[in-house]
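Order of listing sets the numbers, starting from 1, for every ligand and every atom in it. The residues of the chain are indexed from 1 along the displayed sequence.
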Amino acid sequence: MAADDETIAPRGIDVHTPHIARIYDYWLGGKDNFAVDRAAAEQVIAATPTVKPGVTANRAFLSRAVRFMVGEGVTQFLDIGTGIPTADNTHLIAQAASPESRVVYVDNDPIVLTHARALLSGVTAPTSFIDADLRDTGRILEGAAELLDFTRPIGLLLIAILHCVPDEEEPGALVRTLMGALAPGSFLAVTHPGIDQLPDQMAAAEKALTDAMGYRVTFRTREGVGRFFTGLDLLEPGVVAVQEWRPESPPAPIKTGMWGGVARKP
Ligand SMILES: C[S@@+](CC[C@H](N)C(=O)[O-])C[C@H]1O[C@@H](n2cnc3c(N)ncnc32)[C@H](O)[C@@H]1O
């Protein structure tokens with residue numbers, strides 16, 4: 001690692017421990033990552049060569065899910081686990097489809113916060129960023145209420161984040177708390193690495209990420225991902241490989257390792 005990284009990193013950014021947001025940025029072809037992140041990202045690629053098409057397909061799912069929700073009349077979004085800004089960020093997709101769309105981003109990584117501040121500084125449309133952990137639902141809901149109207153439907157986006165919360169911390173309960181605060185007609189979109197897609201590769205990827213980052217990631221089965229939608233109306237085609245969720249062109253015949261689905265709150 002890189003004395004260079006030490007020099008160029010914004011103050012307060014840890015360049016010694018790989019971080020999921022920067023690893024993900026590297027897979028997407030971004031430049032906001034350090035040597036430790038690239039090494040960890042390459043270990044996962046070695047275990048799971050489909051990881052790069054997988055993250056691209058995951059971003060494409062996000063775009064389609066947001067456009068779908070706007071088509072259903074939703075113009076407010078709560079995007080938790082935003083990631084380092086890349087092309088087609090949620091506010092750009094939503095506001096292209098409906099200019100009055102409001103987006104609240106949430107992430108717990110200081111580097112995401114730094115980028116989000118820069119990204120949003122020139123944005124006039126109503127968009128904000130909350131520096132919070134997914135587990136702190138009270139803080140998220142309170143902060144989001146400053147921009148979003150909770151009496152109207154909101155699209156909750158939990159895109160490639162729930163694997164960062166282990167079973168014993170009850171990620172399902174966090175999802176229920178968040179959805180419980182939203183109005184009927186709200187939507188939930190979830191994507192999640194699937195331990196039962198490409199089982200050998202994904203088990204190796206789960207271990208490589210856990211070893212590198214110093215905290216455990218939990219890849220889940222399709223059924224386990226389906227449980228996040230309990231109490232909601234899961235929309236067709238259900239929980240499927242992300243590239244197969246309402247594709248706008250024929251999906252590439254690849255395995256991506258990612259499950260995804262969208263549900264409506266009755
Ligand atoms: C794999 S990236 C996904 C980024 C984006 N949602 C996407 O799918 O393109 C996961 C993001 O979730 C954030 N994250 C992980 N655990 C979190 C937590 N407990 N609370 C808030 N954000 C978290 C990371 O910092 C990272 O930006």
How close does the nearest protein non-hydrogen atom get to atom 23 (C) of ligand 1, and which residue and atom is it? N108 OD1, 3.2 Å
Proximal atoms of ligand 1 relative to G83 (non-hydrogen, under 4.0 Å): 4 (C), 27 (O)
Is it true that R38 and E42 have a side-chain N and a carboxylate O under 4.0 angstrom from each other? no
Among all the protein's non-hydrogen atoms, which is closest to atom 20 (N) of ligand 1, and how far away is it? L134 N, 2.8 Å
Ionic contact status for K265 with D233, cut-off 4.0 Å: no
Using ring centroids (six-membered ring only for Trp), state whether Y105 and H91 fall under 6.0 Å. yes
Kindly check if the number of other-residue, nucleotide or ligand heavy atoms within 6.0 Å of CD (E168) is above 12? yes
Atoms in ligand 1 with a heavy atom of R135 nearer than 4.0 Å: 19 (N)
Write out the residue and atom name of the closest protein heavy atom to atom 7 (C) of ligand 1, then the distance separating them to 0.1 Å. Y24 OH, 3.2 Å
Look at ligand 1 and say whether I20 reaches it with a heavy atom at a distance under 4.0 Å. yes
Measure the spacing between CG of L147 and CZ of F77 and express it to the nearest 0.5 Å. 12.5 Å
Between Y215 and ligand 1, is there a nitrogen or oxygen pair with a distance under 3.5 Å? no
Roughly how far, to the nearest 0.5 Å, is the OG atom of S98 from the CD atom of Q76? 10.5 Å
Check this for me: does any side-chain nitrogen of one of R67 and E248 sit under 4.0 Å from a carboxylate oxygen of the other? yes
So, E236 and R246, do they make that salt bridge, N to O below 4.0 Å? no
Only heavy atoms of R59, strictly under 4.0 Å: list the atoms of ligand 1 that pass. 5 (C), 7 (C), 9 (O)
Does ligand 1 have a heavy atom under 4.0 Å from the side chain of D133, from its backbone, from both, or from neither? both
Can you tell me the protein heavy atom closest to atom 4 (C) of ligand 1 and the distance? G81 O, 3.3 Å
Close aromatic pair by centroid cut-off 6.0 Å: F68 and W245: yes
Of all the atoms in ligand 1, which lie at a distance below 4.0 Å from a heavy atom belonging to D109? 25 (O)
Are any of the side-chain nitrogens in R152 or D149 under 4.0 Å away from the carboxylate oxygens of its partner? yes
Considering I84, D107, I23 one by one, which has a heavy atom nearer to atom 27 (O) of ligand 1 than any of the others? D107
Salt bridge between E170 and R135, side-chain N to carboxylate O under 4.0 Å? no
Compute the shortest N/O to N/O distance between A160 and ligand 1 and return yes if it is under 3.5 Å, no if not. no
Ranked by distance from atom 16 (N) of ligand 1, the top protein heavy atom is C164 CB, 3.5 Å
Purely on distance, is any nitrogen or oxygen of I159 under 3.5 Å from one on ligand 1? yes
Backbone or side-chain N or O of V106 under 3.5 Å from ligand 1 N or O: no
Counting heavy atoms under 4.0 Å, the part of L157 that contacts ligand 1 is neither
Should you measure from each heavy atom of T82, which atoms of ligand 1 turn up under 4.0 Å away? 4 (C), 5 (C), 6 (N)
Pick one: which of V106, T90, V103, L157 meets side chain to side chain contact (heavy atoms under 4.5 Å, CB included) with L78? V106
Taking distance alone, with N or O pairs closer than 3.5 Å, would you say N58 contacts ligand 1? yes
